[in-house]
Amino acid sequence: MSLITVKKLTKTFIRKEGNILQGRKKIPVYAVNELNLTVKKGEILGIIGESGCGKTTTARLIMRLEKETAGEIHFNGVDLCKLTDKEAHVYRKQMQMIFQDPYDSLNPGMRILDILMEPLNAHEKELSFEAKKKRVAAAIESIDLKPAEDFMYRYPHQLSGGQRQRIAIARALILNPSFVVADEPTSMLDVSVRAGILNLLLDLKKNMGLTMMFITHDLSTASYMCDRIAVMYKGKIVEIGPTKKIIRNPSHPYTKALVAVVADLNQFLEKKEELILDGEVDASVYSKGCPFAARCPHQHDECLKQPPQLEETEDQHYVSCHMGKGVKLEAEAISQ
Ligand SMILES: Nc1ncnc2c1ncn2[C@@H]1O[C@H](COP(=O)(O)OP(=O)(O)O)[C@@H](O)[C@H]1O
Ligand SMILES: [Mg+2]
């Protein structure tokens, strides 16, 4: 059963470049490009890809923090893109986001008590102050900051990075959402506190029956956290499947390259193949064909003309690459 279904989701930003003397240019940035995706109820779906490939924008679109250029986002069957702000209010309560930077996401002028009360004030107005305070205390204890009284009256600057991220997690969970997006929640933290935060998220997910989208550029973390992994490149999903299948049998050249560079994962590869990635993602170049064609060692004519579609190659494992099926045979025939 799917909780979220995204159809042909597209977001094009306009970036202004140049100065008044030389003239300003408006450059489109294709951050998310006709992306299709499903998040199943109760799973942790990983979104993995290099910086700039559109992960955060996808999350912000689903959370309604950003307006889509085109496409649909279905939550429990309701297309969120068609709702007015007022209608979307009830869904906001059910979907929450944990941001990458805990130094940026908590208001420095507010005490932890007030930061955690804010969602309750917006969505559970009928509760008394005392009842809200109890909820705040329970939320603080649920993220293993105990006793809660010791933390409630502090300001964010009086907490460590790891403690701040825990507070951000408590804020996301205080309304008992059904869906949470964690956007690289440990990438700004010291290595020593990362595992603690990841395990906390796994525990909370299990105890609260959450569905989660876990965004990371780190495949090891994704393989530790996620039931399924979606590999994103230039605004599109290029491969998606159960975590084990993605790690052991990566099929898209981009996924192969991502797995090959992670030493503790590439030992599980069924077929070893050296693939080195150079260059970087440039979302301002529109791809008419395959988004990865420019960096792909197997690129051929078809890749530049037609965007490949996600196709099931083994059970639950989908890949978007022209090398699959007929085109592969043709390419092989030419090279012989
Ligand atoms: N508000 C914005 N205005 C212009 N360009 C943006 C904006 N937000 C993101 N982008 C661009 O969209 C692309 C995808 O960004 P993002 O979604 O942040 O990727 P990721 O999270 O995978 O690093 C990048 O090229 C980025 O520069
Ligand atoms: Mg990001």
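All ligand and atom numbering here is 1-based and tracks the order in the structure.
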- So which heavy atom in the protein is nearest atom 11 (C) of ligand 1, and how far is it from that ligand atom? V29 CG1, 3.7 Å

- Item | Identity and distance of the protein heavy atom lying nearest atom 23 (O) of ligand 1 | G52 N, 2.7 Å

Give yes if a backbone or side-chain nitrogen or oxygen of [X] is under 3.5 Å from a nitrogen or oxygen of ligand 1, and no if not.
X	value
T56	yes
G54	yes
A31	no
F13	no

- Check each heavy atom of T57 against ligand 1 and say whether those closer than 4.0 Å belong to the side chain, the backbone, both or neither. both

- Message: Checking contacts here: is it the side chain or the backbone of E50 that comes within 4.0 Å of ligand 1, counting heavy atoms only? Could be both or neither.
- Response: backbone

- Any idea how F292 and Y254 line up, ring-wise: parallel (<30°), tilted (30 to 60°), or perpendicular (>60°)? tilted

- Query: After noting the C-alpha distance and the side-chain angles of H322 and H298, does the key distance pass the ring pair (Phe, Tyr, Trp, His ring centres under 6.0 Å) rule?
  - Reply: CA-CA 10 Å; H322 284 312; H298 306 292; over 10 Å; no

- Query: Got a salt bridge between R171 and E118, using NZ or NE/NH1/NH2 to carboxylate O under 4.0 Å?
  - Reply: no

- Item | Stepwise side-chain hydrogen bond (donor to acceptor under 3.5 Å, both in side chains) check, N76 with Q94 | CA-CA 11 Å; N76 261 335; Q94 295 177 48; 4.7 Å; no

- Message: Same cluster or not: M212 versus I169, using hydrophobic residues (I, L, V, M, F, W, Y) connected whenever any side-chain heavy atoms lie under 4.5 Å apart?
- Response: yes

- hydrophobic_cluster_shared for L258 and I240, side chain cutoff 4.5 Å: no

- Query: Just to confirm, does any protein heavy atom lie below 4.0 Å from atom 26 (C) of ligand 1?
  - Reply: no

- Task: Take every heavy atom of G49, measure it against each atom of ligand 1, and state whether any distance is under 4.0 Å.
- Result: no

- For E68 against L9, the heavy-atom pair lying closest together: CB-CD1, 3.8 Å

- Query: Does T10 use its side chain to pair, donor to acceptor, with the backbone of E34 at less than 3.5 Å?
  - Reply: yes

- Contact flag T56/the Mg ion (ligand 2), N/O/S atoms, threshold under 2.8 Å: yes

